[in-house]
Amino acid sequence: MLLILVVVGLAAWGIRAFFFDNNADDSAAPTSPSSQAPGAAEPTPSTTTGPSVVEADTAWDCQADLSDDDTSVADSAPVVEEWVAAGYNVVPFSEFGGCQKQPSTLRVGYSHTEAGALMAAATYSVALDPSVSEEAAQDLEAAVATGTNRDLLGERAQRIRDGLEQGSDGSATARLTLLGYIQNSYREDAASYQLIYSTTDTSGLEQTLAAQVDVVWEDGDWKLDPASGTEFITGGQYQGQPYIAWGPRS
């Protein structure tokens with residue numbers, strides 16, 4: 001029996017609820033993101049808490065050291081130096097970005113390239129959750145495009161932090177494994193991806209989903225372009241489209 005897929009917000013709200021909300025205990029309070037990934041060495045990125053503009057095109061000092069290789073990732077996956085802990089899962093870290101580590105453990109600071117856009121999308125899909133703490137609430141400004149949708153999503157995150165609305169724990173997101181991606185489109189100011197994940201539901205049934213993740217280049221970095229005022233990203237059952245293998249196990 002196919003599971004009904006309902007995305008309710010950003011990856012931490014949406015993807016982790018995708019396969020589990022019908023079976024999980026909704027009384028569980030949000031958990032704090034993990035800070036260490038088993039078996040993965042941790043790079044030493046910058047840990048300053050605010051943007052420091054070094055040139056008109058970048059938001060963070062560390063971006064000056066990133067690669068500006070503009071090779072397309074539409075047909076070939078970029079190299080990842082390490083998959084490191086952030087939020088409830090692991091995210092890519094390489095010469096194309098993730099160079100700035102926020103207090104919440106979310107990584108920002110990406111190169112203005114196709115590879116940088118992809119790495120930002122893969123990071124935000126599993127590591128962005130402003131509902132878990134005040135530190136994580138700061139990630140909205142650093143990682144989400146400005147606009148009404150960001151404001152509305154921030155208000156929802158505040159309600160969850162205040163206990164006025166039920167959030168989800170990170171167990172479902174922690175079970176996700178990135179298998180690969182499809183690049184829908186890329187321009188210098190915007191990119192769109194389908195990220196393909198495998199996971200298991202609470203009954204042990206393996207599932208595959210495709211998450212739609214859009215990013216825009218704004219204020220010197222790639223930022224998530226929310227799907228709406230209630231959802232950071234959207235998704236559905238994977239339909240079998242060819243994708244480029246890319247992930248921590250590839």
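One is the number of the first residue; the rest follow in order along the sequence. These values consider heavy atoms only, across backbone and side chains, with no hydrogens, waters or symmetry-generated copies.
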Go through the steps for Gln241 and Ile196 under the test side chain to side chain contact (heavy atoms under 4.5 Å, CB included), then give the verdict.
CA-CA 10 Å; Gln241 308 96 318; Ile196 313 302; 5.6 Å; no

Residues Tyr110, Thr123; criterion side chain to side chain donor-acceptor pair (under 3.5 Å); working and verdict:
CA-CA 11 Å; Tyr110 296 92; Thr123 297; 3.0 Å; yes

Give the intermediate values and the outcome of side chain to side chain donor-acceptor pair (under 3.5 Å) for residues Thr113 and Asp70.
CA-CA 5 Å; Thr113 64; Asp70 60 358; over 6 Å; no

Should Tyr124 and Phe232 be marked as a ring-ring contact (aromatic ring centres under 6.0 Å, His included) after you check the CA-CA gap, both sets of side-chain angles, and the distance that decides it?
CA-CA 9 Å; Tyr124 300 151; Phe232 275 69; 9.6 Å; no

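Under the 4.5 Å side-chain heavy-atom criterion for ILVMFWY residues, a single connected hydrophobic cluster contains both Val90 and Val80. Linking Ile, Leu, Val, Met, Phe, Trp and Tyr residues whenever their side-chain heavy atoms come within less than 4.5 Å leaves Leu66 and Val215 in two separate clusters. Leu224 and Leu140 fall within the same hydrophobic cluster, where Ile, Leu, Val, Met, Phe, Trp and Tyr residues are linked whenever their side-chain heavy atoms come under 4.5 Å apart, directly or through other members. A continuous path of Ile, Leu, Val, Met, Phe, Trp and Tyr side chains, each step under 4.5 Å between heavy atoms, connects Val213 with Trp217, placing both in one hydrophobic cluster. Put simply, Val73 and Phe93 are part of the same group of oily side chains (I, L, V, M, F, W, Y) that touch within less than 4.5 Å, one to the next.
The aromatic rings of Tyr181 and Trp246 sit perpendicular to each other, their planes meeting at more than 60°, with 30° as the lower class boundary.
Residues Phe96 and Ser67 share a closest heavy-atom pair of CE2-OG, 3.5 Å. Glu206 and Ser198 make their closest contact through OE2-CB, 4.2 Å (heavy atoms, listed as atom of the first residue, atom of the second, distance). Counting all heavy atoms, side chain and backbone alike, Ala211 lies closest to Ile233 at CB-CD1, 4.2 Å. Leu178 approaches Trp83 most closely through the heavy-atom pair CD2-CH2, 3.8 Å.
Taken to the nearest 0.5 Å, the CD atom of Glu165 stands 9.5 Å off from the OG atom of Ser131.
Side chains of Thr173 and Asn89: a donor-acceptor N/O pair is absent below 3.5 angstrom, by distance only. Asp69 and Thr71 form a side-chain donor-acceptor contact under 3.5 Å, judged by distance and modelled atom types alone. A donor atom on one side chain and an acceptor atom on the other are not found under 3.5 Å apart for Gln138 and Gln102. Between Asp214 and Ser192, the side chains place a donor N or O and an acceptor N or O closer than 3.5 Å (distance only, hydrogens not considered). Side-chain atoms of Glu114 and Tyr186 form no donor-acceptor pair, as typed in the model, at a separation below 3.5 Å.
Of the options Leu176, Val126, Val132, a side-chain contact (heavy atoms from CB on, under 4.5 Å) to Tyr88 is made by Val132 and by none of the others.
In this structure a side-chain-to-backbone donor-acceptor pair under 3.5 Å is missing from Asp139 to Ala142. Looking at Gln237, its side chain never comes within 3.5 Å of a backbone N or O of Leu209 through a donor-acceptor pair.
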